[in-house]
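Report on one structure; see the data block that follows.
Computed from a prediction, not measured in an experiment: that's the story for all the values here. Both backbone and side-chain heavy atoms feed into the values below; hydrogens, waters and symmetry mates do not.
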Amino acid sequence: MLMTRGLRRAAVPRLARRYMCATAARRTTTSGLVAPGAGARFHDYDAAVTACVERRALKQGRQVHAHMVTARYRPPVYLATRLVIMYARCGALDDARNVLDGMPERNVVSWTAMISGYSQTGQHAEALELFIRMLRAGCKPNEFTFATVLTSCSGPQSIHQVKQVHSLIAKTNFESHMFVGSSLLDMYAKAGNIQEARRVFDMLPERDTVSCTAIISGYAQLGLDDEALDLFRQLYSTGMQCNYVTFTTLLTSLSGLASLDYGRQVHGLILRKELPFFVVLQNSLIDMYSKCGKLLYSRRVFDHMPQRSAISWNAMLMGYGRHGIGHEVVQLFRSMTEEVKPDSVTLLAVLSGCSHGGLVDEGLDIFDLIVKEQNAVLSIGHYGCVIDLLGRSGRLQKALDLIRDMPFEPTPAIWGSLLGACRVHINVSVGEVVAQKLLDMEPGNAGNYVILSNIYAAAGMWKDVFRVRNLMLEKTVTKEPGQSWIILDKVIHTFRSSDRFHPRKKDIDAKIKEIYVDIKAAGFVPDLSCVLHDVDDEQKERMLLGHSEKLAVTFGLMNTPPGLTIRVMKNLRICVDCHNFAKFVSKVYRREISLRDKNRFHLLTDGACTCGDYW
DNA sequence: TTAGGGTTAG
């Protein structure tokens, strides 16, 4: 009876009503006497709102709120805060904000709940703005506020924002609070300052799985895979507890390193832990095996998954594409459409897979089909893939037309893709137009000069090769330092161009000279257009021999038994001369060579490569 | 009384 006093039954949702009754029963049995009044109504509303918060029941929550308004009930701070939380958790941020703005006084909980609502829906500017309003209103943030607001320090100004929030935190004791510290170090790492992230981590009085995972993830996100792996080993040996997020993070770094042995070991650890099924973790395993060159293992993981997300399919499609297995890309894509809806990444994976797999027309057909049937929103990346497909098939003019007609300003990557096609199809006229665009856009990028020089050299236009070299000398050109690595017995051996400091430099030099004689006898001709320095031909040959991937292949040949595949990784795209070198080594020494460059795998067997000399 | 930290494909 009491519970419906002043509350029309029909207006109160069933869920809320049930909680109201439960509260009434409790109160009746404990006190034995329940008097009607404002106190009773508070508990009814409180229980009802709590039920809605727990169940994310927005509709019922709105009804309870409407009931308060109709009954002219003015909720106290606590209850109004619960309403803010209810709306914020249900994603109804405008309603949450209305309640917050209408509160005669607000506490740290109501401010924080609202900030959290904005953070979790990606409205970071609003979150930060509200945080500032909170400070101006004289409300002191607590550990929850700091942990929340830090997650909104993103975007181009993130490092300054993190530093500002950090200076506020430093005035409190919250810097060593586990959640605040984890959030702080995570944001420093995301903003690119791994040193500061590490400093915060090292200062934490206690560490848990999340804080350890956050710092490892920080190294992984910045591509510092070696450091991520080292830190994991160190923390693991001192008793760090791992969960599925830790393993997912670690697998990302092992993928980057292409460290198959560690990858398998971690997989074994995961199996022994008997963790429940997590899609994200399995997706990481698919990606790790594919980037380690073991597609069959990826497929095995993929096939055994009880559930798959679009990301699982995309990871598998990318894997086939990366290995140049075009027909599997197309076949898997067809199966995918029966199970889940392809997304924009799927289209990228299929287009790039068809391009790398040599299935030009199939790729163009799928592109037309998806664009027509699904009204897909196309990004510049999709256009890049189609331009790549047209370029691969030699339809350079069509590719040029598409660049002119597409609704995006062409980026250097787009022109670069076309320039690569001009090199493969030795098209000087289009190549010159494209190169001019590129040289205007990024005059300091050495790679563009090299490819233009390759084109002239392939066409026998030696005067122009000379002209490009002089052009390059006039500018200050830079090149990301190339490095290659090979993993033998879990030890990573890294080589830089003309590595002078490798402990086995003498042995490697002797072996590479021996290889050079052998492959030259089999018909290898060095491609001097890959060197643009103003030196004589003999010196050019010496410089080419210093390329990091040649050193790594040579080191592999020296240190692995006959018959074993040599697996080498490179951080940039492989150069024409090194590709040719590897082809001859595979033939003369009867060795399969797997070369993973920035974009894809080259599997070289008996003088031929799976990329079909287009990459 | 309550708000909170780490993760996968390109």
Side-chain angles (χ1 to χ4, degrees), chain A residues 42 46 49-50 53 76-79 81-82 84-86 88-89 96 107-117 119-120 134 141-152 174 177-187 189-190 197 200-201 204 207-218 220-221 240 242-253 255 278-288 290-291 298 301-302 308-322 342-353 379 381-382 384-385 413 598-599:
Chain A
F42 168 81
D46 177 35
V49 175
T50 301
V53 169
V77 177
Y78 169 78
L79 191 52
T81 302
R82 300 288 295 154
V84 174
I85 295 161
M86 184 273 294
R89 276 215 191 163
N107 61 16
V108 63
V109 181
S110 44
W111 286 108
T112 306
M114 193 67 232
I115 294 169
S116 159
S119 289
Q120 284 178 6
M134 171 187 176
N142 64 12
E143 65 271 41
F144 296 96
T145 323
F146 284 126
T148 305
V149 80
L150 278 167
T151 62
S152 275
F174 296 135
H177 183 278
M178 187 94 81
F179 281 17
V180 178
S182 301
S183 199
L184 186 59
L185 78 88
D186 182 45
M187 293 321 286
K190 286 200 166 90
V200 174
F201 177 76
L204 282 176
R207 295 159 180 180
D208 66 354
T209 303
V210 177
S211 49
C212 292
T213 307
I215 188 68
I216 294 169
S217 159
Q221 280 165 17
M240 165 198 182
C242 303
N243 64 11
Y244 81 102
V245 184
T246 322
F247 290 127
T248 305
T249 305
L250 182 62
L251 285 169
T252 313
S253 279
S255 301
F278 292 103
V279 176
V280 280
L281 180 54
Q282 302 295 313
N283 292 348
S284 286
L285 281 169
I286 294 174
D287 191 51
M288 181 274 291
S290 123
K291 286 180 180 160
S298 295
V301 173
F302 179 82
R308 301 183 194 104
S309 64
I311 294 180
S312 328
W313 290 88
N314 293 346
M316 200 64 236
L317 285 167
M318 294 278 181
Y320 282 123
R322 197 177 287 127
D343 60 17
S344 64
V345 180
T346 313
L347 185 53
L348 280 179
V350 172
L351 293 174
S352 108
S379 69
H382 295 114
C385 289
K598 199 179 177 187
N599 295 330

Please state whether the rings of A:Phe42 and A:Tyr78 are parallel, tilted or perpendicular, taking 30° and 60° as the class boundaries.
tilted
From the options A:Thr50, A:Val53, A:Thr112, select the one residue that forms a side-chain contact (heavy atoms from CB on, under 4.5 Å) with A:Ile85.
A:Val53
OP1 or OP2 of B:dG6 versus the side-chain N and O atoms of A:Ser182: is any pair under 4.0 Å?
no
Answer yes or no as to whether B:dA3 has its base stacked against A:Phe144, where stacking requires a ring-centre separation under 5.5 angstrom and planes under 30 degrees apart.
yes
Within the 4.0 Å heavy-atom criterion, would you say A:Thr145 contacts the bases, only the backbone, or no part of the nucleic acid?
nothing
Classify A:Asn107 by what it touches in the nucleic acid, base, sugar-phosphate, or nothing, heavy-atom distance under 4.0 Å.
nothing
I want to verify a distance call: between B:dG5, B:dG10, B:dT8, whose nearest atom is closest to the A:Arg322 side chain?
B:dG10
Would you mind classifying the nucleic acid contact of A:Thr209 as base, sugar-phosphate or nothing, using non-hydrogen atoms under 4.0 angstrom?
base
Using a cut-off of 4.0 Å on non-hydrogen atoms, how would the nucleic acid contact of A:Tyr244 be classed: base, sugar-phosphate, or nothing?
base
Short side-chain N/O contact to B:dA3 OP1/OP2 from A:Gln120, under 4.0 Å:
no
Considering just the side-chain nitrogens and oxygens of A:Lys190, establish if one lies under 4.0 Å of OP1 or OP2 belonging to B:dT7.
yes
Euclidean distance, atom CG of residue A:Asp186 to atom P of B:dG5 [Å, nearest integer]:
10 Å
From the options B:dA9, B:dG6, B:dA3, select the nucleotide whose nearest atom is closest to the side chain of A:Thr213.
B:dG6
Under 4.0 angstrom, heavy atoms only, what part of the nucleic acid is A:His177 near: base, sugar-phosphate, or nothing?
base
